[in-house]
Amino acid sequence: MIAQIGEWLDRRLQLAAPIREIAEHPVPKNTASWWYVFGSAALVVFLLQLVTGIMLAFIYVPSASEAWNSLQYLNHDIAFGWFIRALHGWGSNFMVAIVLIHMVQVFLFGAYKFPRELTWIIGVFLLLMTLGMAFTGQVLRFDQDAYWGLGIGASIASRVPFLGSDIVKLMVGGPIIAGATLSRFFALHVFVIPGMLIAFVGVHLLLVLKLGINEWPMPGRLVKKATYESEYHELTHKDGAPFVPYAVWKDIFFAAFILLAVAACAVFFGPFGPTGQPDPTIIQTAPKPDYFFLWLYAVLSFLPPSMETPALLIGPVIVIGALLLLPFLSGEGEKSWRRRPIAVLTILLIAVTLATFTHLAGYTPWSPHMNAWSGDPIPARFLQHRTALERQGALVFQAKQCHNCHALEGQGGQRGPTLDTVAVQLTQDQLIRQVIQGGGNMPAYGKNLSPAETTALVAFLQTLHPAGQAPARDPSRALALGKSPEK
Amino acid sequence: MSTDDTISRRALFMKIGILFNGLVAAAIAVPIVRFLLSPIVRGRANGYLSWISLGSISQFPEGETRLATFRNPYVTPTDGKTADTACWVRRVEGQQFQIFAINCAHLGCPVRWFPQSGLFMCPCHGGAYYQDGSRASGPPERGLFEYPYKVENGLVTIQAGELPTPGSPTASLFVKKPPCV
């Protein structure tokens with residue numbers, strides 16, 4: 001009966017033969033490897049995103065006045081609404097990660113070389129679209145982070161010469177971040193970018209089928225445009241096997257493993273936010289991007305002001321340009337990473353750089369701790385056996401928010417240096433000058449401290465030295481004042 | 001009629017058809033482009049800025065900096081709370097004010113005022129400003145954005161309506177002259 005229905009359908013559709021041909025196309029035997037599963041895993045996670053995204057759209061309201069409430073409704077009132085949100089959120093994290101791993105594998109295995117240049121170029125666009133989905137998706141989670149994240153995006157876009165202001169208005173859909181902004185990001189996230197993604201994924205897959213999967217790179221087997229295609233053809237037919245089932249079972253296992261991992265994260269860690277309501281008058285917030293943009297958040301804190309606009313505007317052009325040109329600059333030659341030390345070092349350098357910046361963005365040492373002055377007390381040992389003046393100085397240290405940027409015994413901000421041993425490094429005069437005039441990225445406090453407060457504060461700072469080590473002093477001062485050096 | 005003639009006739013029809021489609025597409029494209037560019041065009045035609053009251057002058061004690069909020073003059077039906085905006089109002093003395101945008105001049109995060117140390121601090125990338133809005137430290141290239149203001153009939157009004165960003169030409173409205181050193 002089922003066979004009959006199948007036959008009836010295929011007589012009309014005529015798809016069985018081409019599908020069988022695709023499934024059983026020969027692939028080099030050694031590509032049936034666990035290293036070759038990331039592309040299909042990315043596709044599987046993308047399909048998960050499509051399904052969960054459609055389900056979220058059943059409930060979600062893309063309106064600036066309702067979006068946050070509809071997310072709360074999803075989280076708390078709909079059966080397993082929280083789970084679908086968590087799947088979609090964790091799915092996006094996994095998708096970015098898997099796409100990057102896939103890209104690194106393709107790069108290290110030389111798969112971007114002739115004749116697969118176009119596959120790589122389409123892949124670069126797929127990466128950009130994936131990141132675009134990640135950013136627009138964070139906006140749809142319309143909370144404080146989304147609101148101020150849009151502000152950061154607008155501030156970056158506004159730096160484009162001449163057109164900056166118009167680009168900002170196009171991006172936010174009006175003069176301010178408001179209803180029109182969410183609507184257009186919804187359209188981008190739900191229609192525009194997914195539509196492009198589906199089309200590009202289709203071409204990407206078509207190219208993989210037409211050109212064949214990249215063979216396992218052997219050191220010393222060089223790619224030459226003249227001979228590669230016949231060599232590959234020979235390889236797949238002499239030492240090949242049908243993709244289904246010879247290689248596909250690993251893809252299937254890994255896909256299930258990844259789906260399980262996404263689901264496990266969704267169950268254990270739950271959905272992302274939403275954080276506070278997107279009310280711009282609530283300013284007690286420290287917005288942060290999702291993890292895949294944390295490195296950028298860190299870079300923006302470290303760039304010197306004069307470098308920032310060029311780096312923001314020219315940097316992406318160089319990076320994307322380099323990725324697109326890569327297959328043309330090294331389209332032939334060695335594929336194996338064992339013979340491409342610079343490629344391996346490049347990957348390591350980029351990975352370490354991104355990991356370091358991401359780690360730094362996890363605890364934002366460049367930001368003042370807004371509540372340290374009222375929340376982190378000065379450790380008791382800095383206050384014992386001190387004079388009244390020195391303790392008064394400690395009070396000034398707290399009350400004037402010095403603690404927001406300077407840590408004592410690891411507590412407080414890390415914007416400025418830790419002051420546990422500052423008296424060893426700066427003399428009394430240097431301390432006074434630093435407090436009053438600032439400098440080295442410290443504001444000047446001359447206008448906000450009375451002379452008495454400055455005296456007390458510096459007296460306190462001079463007590464901050466290790467027990468057995470004398471504070472720094474200026475010998476010439478004692479000479480000039482005609483006294484014998486103290487202590 | 002020769003065969004060649006027939007083919008060129010068909011080819012001509014096809015070309016005319018393509019041309020016709022091109023004309024129709026161009027005609028439709030005009031309103032579509034105009035629709036897509038409406039946020040820009042509308043801003044240029046009417047301008048987004050207007051004068052808005054922040055309330056009575058008596059709410060702002062001399063020598064202090066207070067948070068004030070206002071509803072953006074240009075709103076759409078779905079804006080909700082996002083059309084509410086905050087700003088810092090510093091009453092220097094008498095009728096002399098400084099009214100700062102909430103957005104950090106670096107990348108737009110909301111700055112907080114600390115009266116004890118007389119500083120505005122940004123939670124995002126560590127920018128800091130003095131009480132007069134000038135840059136104190138961190139990544140910002142300039143001082144805080146300032147709204148033009150006037151005091152009329154005991155009300156403080158500001159000219160606002162557009163997100164202040166570092167690159168916008170209206171940022172010149174928010175220009176903060178560097179302090180004379």
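Here is the naming used below: chain letters follow the sequence lines, and residue numbers restart at 1 for every chain. FYI, side chains are in, hydrogens and waters are out, and symmetry mates aren't considered; it's all heavy atoms of this structure.
- Counting heavy atoms from C-beta outward, B/Y48 and A/K169 have side chains that approach closer than 4.5 Å.
- B/R112 places no side-chain N or O within donor-acceptor distance of the main-chain N or O of A/Q284, the cut-off being under 3.5 Å.
- Contacts of A/F142 with chain B are made by side-chain atoms alone, with heavy-atom separations under 4.5 Å and no backbone atom involved.
- Listed by first and then second residue, the salt bridge (Lys or Arg N to Asp or Glu O under 4.0 Å) pairs that reach into residues 148-163 of chain A are A/R159-A/E308, A/R159-B/E141, sequence neighbours excluded.
- Residues A/R184 and B/P39 have side chains in contact (heavy-atom distance under 4.5 Å, counting atoms from C-beta outward).
- In terms of non-hydrogen atom pairs under 4.5 Å with chain B, the most contact-rich of A/P304, A/S301, A/G173, A/G413 is A/S301.
- Residue A/M370 holds its CE atom at 6.5 Å from SG of B/C122, rounded to the nearest 0.5 Å.
- Interatomic distance, CG of B/N103 versus CH2 of A/W148, reported as 5.5 Å (0.5 Å rounding).
- Of the atoms belonging to A/T309, it is side-chain heavy atoms, and not backbone ones, that fall under 4.5 Å from chain B.
- Per-residue heavy-atom pair counts under 4.5 Å with chain B were compared for A/S155, A/P161, A/A154, and the maximum is reached by A/S155.
- Ranked by heavy-atom pairs under 4.5 Å with chain A, the list B/S117, B/G108, B/G126 is led by B/S117.
- Using a 4.5 Å cut-off between heavy atoms, A/M442 contacts chain B through its backbone alone, with no side-chain atom that close.
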